[in-house]
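Structure first, commentary second.
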Amino acid sequence: MRILVVDDDPTSRLIAEAAVRDLGHECFSVSDGDEAWAAVQSGRPDVVLSDWMMPGLSGLELCQRIRSRTTGEYTYLILLTGQRSLDHALEGMSAGADDYLIKPLDPGDLQVRLIAAARVTYLHTQLARQRSELEALNTELTSIARRDQLTGLGNRMALQEEFEKLEARVTRYGHRYSIALVDIDNFKSFNDCYGHQAGDQALRAVADQLRAAARKGDSLYRYGGEEFLCVFPERAVPGGAIAVERMRVGVQKLAISHAANAIGVVTISAGLSILDPGATRPVNEVLKEADEALYRAKELGRNRVESALTSTSLNVATMNTESVRL
Ligand code: GH3
Ligand code: MG
Ligand code: MG
């Protein structure tokens, strides 16, 4: 173990240092409590063997300070005291010491105390490692649980959380946002014609294309089988319609053969809805409008973007989608 000896008396310090080294441990030493506090932070000893009475920070105060750290690492503390009284020992242990030894230091006593210290230190190290492994695993599981396996996009659980955050921002700050529902055209026929595996591949390719067309800060989710949902936050709202149109053209340009589509390749339709500033409609209502706009896009012949009729800030309902320069 790595052991810090703290003592203002040079002779006592030398005796302690020698005893620690004789027991096969690494040792470094300082001569007062303030230096000890700095050495604990920079040198990160496993054990501090500290005198009680010292100039500056006393051994007792050093114990209290070490125990009040929130870094999570454990330092085993042994106080050296000249007084053989129960009250004294209790005071030291209550301040955070793990053990105490009576001066003059007896090497045999020290050996016994350091065996216990090694055991406790080992357990704390194990615990800290397990805790950090669990935290990493937890973070990974949280992320896996919110990701769609096929496309790598966010899933319904992630979307639900995004909706809750959106609602809170709308209520608190009057933020606005827009939502686009994107659906692959005639995808049932695609599966029927090319098989389910080719369907999965097409779904992945479309998802990648949507990702490529989205900007930083936009969020993309797999909403259902062949349906995707994009959320454009506050500052992206004006560009939302353009982004969705970029997605539509991008998917068409993938040129994935789809015989049942008039155009001969896989295409998407999209419905866009915007929550205007100051409006407080619930997100489900905005979503319903996007769904209605998507339905209209399908009715009007597919491979197009339609905007919800209630959205006043941006009128893409009449936008000639072909004219958007990409
Ligand atoms: P529309 O243009 O009106 O959207 O027609 P559609 O055929 O795309 O719509 P419909 O809802 O009738 O069919 C959706 C199809 O999407 C049916 C289903 O087999 C397919 N699908 C959903 N999820 C997956 C998936 O994970 N993999 C594959 N390969 N196909 C899927
Ligand atoms: Mg579809
Ligand atoms: Mg669908």
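Owing to the predicted nature of the structure, the values given are computational and were not obtained by experimental measurement. Each ligand, and each atom within it, is numbered from 1 in the order the structure gives.
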Exercise for review: Give the numbers and elements of all ligand 1 atoms closer than 4.0 Å to a heavy atom of Arg302.
Suggested key: 1 (P), 2 (O), 3 (O)
Review point. Side chain, backbone, both or neither: which part of Gln197 comes within less than 4.0 Å of ligand 1 when only heavy atoms are counted?
Key: neither
Check your understanding: Considering only heavy atoms of Gly199, which atoms of ligand 1 have at least one such atom less than 4.0 Å away?
Key -> 29 (N)
Point to revise | Shortest protein heavy-atom distance from atom 1 (P) of ligand 1, along with the residue and atom involved | key: Lys298 NZ, 3.4 Å
Practice item. May I ask you to list the atoms of ligand 1 that are less than 4.0 angstrom from any heavy atom of Arg222? Key: 23 (N), 24 (C), 25 (C), 26 (O)
Check your understanding: Just checking, is any N or O donor in the side chain of Arg204 or Gln201 under 3.5 Å from an acceptor N or O on the other one?
Key -> no
Exercise for review: Go through ligand 1 atom by atom and flag the ones less than 4.0 Å from a non-hydrogen atom of Gly225.
Suggested key: 22 (C), 23 (N)
**Study point:** Asp148 side chain vs Asn155 backbone, donor-acceptor pair below 3.5 Å
**Key:** no
Exercise for review: Return yes or no for this condition: an N or O of Asn186 is under 3.5 Å from an N or O of ligand 1.
Suggested key: yes
Exercise for review: Mind telling me whether Phe187 and Phe190 have parallel, tilted or perpendicular rings, with 30° and 60° as the class edges?
Suggested key: parallel
Practice item. Could you verify whether a donor N or O on one side chain and an acceptor N or O on the other, from Ser269 and Asp185, lie under 3.5 Å apart? Key: yes
Check your understanding: Can you tell me if Ile184 has an N, O or S atom under 2.8 Å away from the Mg ion (ligand 2)?
Key -> yes
Point to revise | Region of Asp200 that comes within reach of ligand 1 [heavy atoms, distance under 4.0 Å] | key: both
Revision key, fill the gap. heavy-atom search around atom 13 (O) of ligand 1 in the protein gives Lys188 CB, 3.7 Å
Point to revise | For atom 9 (O) of ligand 1, the protein heavy atom that lies nearest, with its residue and separation | key: Glu226 OE1, 3.8 Å
Practice item. Around atom 8 (O) of ligand 1, find the nearest protein heavy atom and jot down its residue, atom name and distance. Key: Phe187 N, 2.7 Å
Practice item. Look at atom 27 (N) of ligand 1 and say whether a protein heavy atom is found at less than 4.0 angstrom from it. Key: yes
Study note, to complete from the structure: Quick look: Ile184 vs ligand 1, heavy-atom contacts under 4.0 Å, and the answer is backbone
Check your understanding: When you look for heavy atoms under 4.0 Å from ligand 1, do you find them on the side chain of Gln149, its backbone, both, or neither?
Key -> neither
Study note, to complete from the structure: Tested for side-chain contact (heavy atoms from CB on, under 4.5 Å) against Asp51, the lone hit among Val6, Asp8, Asp9 is Asp8
Point to revise | At the Mg ion (ligand 3): angle between Glu226 atom OE2 and Asp183 atom OD2, to 10 degrees | key: 90°
Check your understanding: Of Glu162, Arg146, Arg147, Gln160, which meets side chain to side chain donor-acceptor pair (under 3.5 Å) against Tyr221?
Key -> Glu162
Practice item. Indicate whether any N or O donor in one side chain lies under 3.5 Å from an N or O acceptor in the other, for Asp98 and Tyr74. Key: yes
Exercise for review: Classify the side-chain pair Gln83/Ser85 by whether it contains a donor and acceptor separated by less than 3.5 Å.
Suggested key: no
Check your understanding: Is there a donor in the side chain of Ser189 and an acceptor in the side chain of Asn186, or the other way round, less than 3.5 Å apart?
Key -> no
Review point. In the protein, what heavy atom is nearest to atom 4 (O) of ligand 1, and what distance, to one decimal place, separates them?
Key: Asp183 OD1, 2.8 Å
Study note, to complete from the structure: Leu203 heavy atoms within 4.0 Å reach ligand 1 at atoms 24 (C), 25 (C), 26 (O), 27 (N), 28 (C)
Point to revise | Of the listed options Asn191, Leu294, Thr267, closest to atom 30 (N) of ligand 1 (non-hydrogen atoms) | key: Asn191
Exercise for review: Specify the closest pair of heavy atoms between Val283 and Leu166, including all atoms of both residues, with the distance to one decimal.
Suggested key: CG2-CD1, 4.4 Å
Revision key, fill the gap. Heavy-atom closest pair (Arg222 atom, Phe228 atom, distance to 0.1 Å) is CA-CD2, 4.0 Å
Practice item. Decide yes or no on salt bridge (Lys or Arg N to Asp or Glu O under 4.0 Å) for Glu292 and Lys288, but give the supporting numbers first. Key: CA-CA 6 Å; Glu292 285 162 1; Lys288 188 164 159 278; 3.3 Å; yes
